Amino acid sequence: GMEGAPPAASPAGLSVYVAVSQLLGLTLLVTTGAWLGRYRGGVAWHSSLQFNVHPLCMVLGMVFLQGDALLVYRVFRHEAKSSTKALHALLHGLALVIALVGIVAVFESHQTKGIPNMYSLHSWCGMAAFLLYLLQWLLGCGFFLFPGASFSLRSRYKPQHVFFGITLFLLSIATCLLGITEMLLFNIRDSYSHFVPEGIVANTLGVLLVAFGLVLGYVLTRDDWKRPPLAEELALSMDFKTLTEGESPGSGSQ
């Protein structure tokens, strides 16, 4: 039988795309750090540099970690569903905490410098992305991590969860692009058009963000790269369906 068979390997193309995504993700973080360190004076909390914590946290949390949380089901194809699910929730939770630090940084920095909050398109999209991401995470935990949710409710919610997961990831990238543009216009408005090094570094960061989004989007939407259900999961979900929706064996004698 199949018991002794080794687990099927990941599709060859998938491994390549995942590797490229991780390389892009790390390059993203290095480029963000280089921009802030080389041209914006670095990062510090209790100082005039507090603002710089914001872009660093947003790229790390809302883009890199959020992206990796989405990849979990593609990468860990043959591990137990429950541990894969826990890792998925944990990475999203970590991304939320880091993003929250980034949001606190920008509000405190604005307060210190007397700059108004929440007037720009970037801030509107950013706040929407963060609040919807938090809601998505809470709903995901409620439906998929806690045993109380019925099977039919789970299966009805799952397509929404998947769709909004990818949508929020793309919205986060778009918000970062708006933020980069805003920072450049605030800081180097007069020299930006002369192709100064800071402008080129920041533009490169934007292109890397788009590339990361495209690679992840491709991996996540390829049907043949979806995580195959393990045999015991199929059996379990059938039992679960029978218990929650079908006539259970002893239902007549209650």
Side-chain angles (χ1 to χ4, degrees), residues 21 25 28-29 53-77 79-108 117-118 120-179 209 212-213 216-217 219-221 226-227 229 233 236-237 240-241 243-245:
S21 77
L28 264 181
L29 295 174
V53 173
H54 176 73
L56 190 61
C57 282
M58 289 340 215
V59 171
L60 173 59
M62 296 294 286
V63 178
F64 183 61
L65 284 176
Q66 180 177 183
D68 273 6
L70 298 179
L71 280 179
V72 159
Y73 288 109
R74 300 291 177 277
V75 175
F76 300 103
R77 305 171 66 74
E79 281 69 20
K81 183 77 174 272
S82 55
S83 48
T84 312
K85 205 187 280 188
L87 180 61
H88 177 73
L90 191 70
L91 283 172
H92 278 310
L94 189 59
L96 276 165
V97 170
I98 292 170
L100 184 61
V101 171
I103 289 172
V104 170
V106 74
F107 274 95
E108 281 193 8
N117 286 310
M118 297 303 302
S120 68
L121 178 60
H122 166 70
S123 63
W124 287 19
C125 290
M127 197 52 82
F130 178 76
L131 293 174
L132 290 170
Y133 189 33
L134 177 60
L135 179 66
Q136 164 92 345
W137 186 72
L138 292 170
L139 285 171
C141 287
F143 276 99
F144 302 116
L145 273 189
F146 299 112
S150 83
F151 188 79
S152 61
L153 214 53
R154 276 182 189 189
S155 45
R156 247 176 292 173
Y157 174 61
K158 195 182 167 191
Q160 275 89 313
H161 184 74
V162 171
F163 171 77
F164 284 110
I166 296 176
T167 307
L168 286 170
F169 173 65
L170 296 176
L171 174 60
S172 300
I173 288 177
T175 305
C176 284
L177 297 178
L178 287 170
L209 281 161
F212 184 65
L216 246 83
V219 172
L220 293 170
T221 51
K226 284 194 164 67
R227 184 183 192 275
E233 286 166 35
L236 193 68
S237 70
F240 203 48
K241 244 186 150 69
L243 279 173
T244 52
E245 289 158 27

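Position 1 is the first residue of the sequence; numbering continues from there. Note that this is a predicted model, so its numbers are computed, not measured.
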Inset, instruction - Begin with the C-alpha distance, continue with both residues' side-chain angles, and end with the deciding distance and a verdict on side-chain contact (heavy atoms from CB on, under 4.5 Å) for L132 and F164. - result: CA-CA 9 Å; L132 290 170; F164 284 110; over 6 Å; no
Legend entry - Intermediate values then yes/no, side-chain contact (heavy atoms from CB on, under 4.5 Å), S21 and V219: CA-CA 9 Å; S21 77; V219 172; 5.9 Å; no
Inset, instruction - Could you go through the side-chain contact (heavy atoms from CB on, under 4.5 Å) check for V63 and C176 one step at a time? - result: CA-CA 9 Å; V63 178; C176 284; 3.7 Å; yes
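Taking CG of L168 as the reference point, atom CD1 of I173 lies at 11.5 Å (rounded to 0.5 Å). Rounded to the nearest 0.5 angstrom, I166 CD1 and L216 CG are separated by 9.0 Å. Remark: S83 OG to L90 CG distance equals 12.0 Å, nearest 0.5 Å. With rounding to the nearest 0.5 angstrom, the CG atom of L65 is 5.0 Å from the CD1 atom of I98. Rounded to the nearest 0.5 angstrom, Q136 CD and F169 CZ are separated by 13.5 Å.
Under the side chain to side chain donor-acceptor pair (under 3.5 Å) criterion, Q160 pairs with no residue at all, not counting sequence neighbours. When the side chain to side chain donor-acceptor pair (under 3.5 Å) test is applied to H92, the partners found at least two apart in sequence or on another chain are Y133. With sequence neighbours excluded, no residue forms a side chain to side chain donor-acceptor pair (under 3.5 Å) with T167. For Y157, the ring-ring contact (aromatic ring centres under 6.0 Å, His included) criterion is met by F143, F144, H161, not counting sequence neighbours. Looking at residues two or more places apart in sequence or on another chain, you find a side-chain contact (heavy atoms from CB on, under 4.5 Å) between V72 and F76, T84, L87, H88, L91. Applying the ring-ring contact (aromatic ring centres under 6.0 Å, His included) test to F64 and every residue at least two apart in sequence or in another chain returns nothing. A search for side-chain contact (heavy atoms from CB on, under 4.5 Å) contacts involving A174 returns nothing, not counting sequence neighbours. Shown here are the side-chain contact (heavy atoms from CB on, under 4.5 Å) partners of L138, two or more places apart in sequence or in another chain: L134. Listed by chain and number, the residues in a salt bridge (charged side-chain N to carboxylate O under 4.0 Å, His left out) with K158 amount to none (sequence neighbours excluded). With sequence neighbours excluded, no residue forms a ring-ring contact (aromatic ring centres under 6.0 Å, His included) with H122. The side-chain contact (heavy atoms from CB on, under 4.5 Å) search around I103 returns M58, F107, M127, F130, not counting sequence neighbours.
Counting heavy atoms from C-beta outward, C125 and L178 have side chains that approach closer than 4.5 Å. Side chains of L56 and L60 form no contact here, defined as non-hydrogen atoms less than 4.5 Å apart.
Listed by first then second residue, pairs satisfying side chain to side chain donor-acceptor pair (under 3.5 Å) with a partner in residues 60-77 read Q22-D68, Q66-S172, not counting sequence neighbours.
Panel note: side chain W137, backbone L96; no donor-acceptor pair is recorded below 3.5 Å.
L220 and K226 get closest at one heavy-atom pair: O-NZ, 4.4 Å. Contact detail for S155 and S152: the closest heavy-atom pair is OG-O, 3.1 Å.
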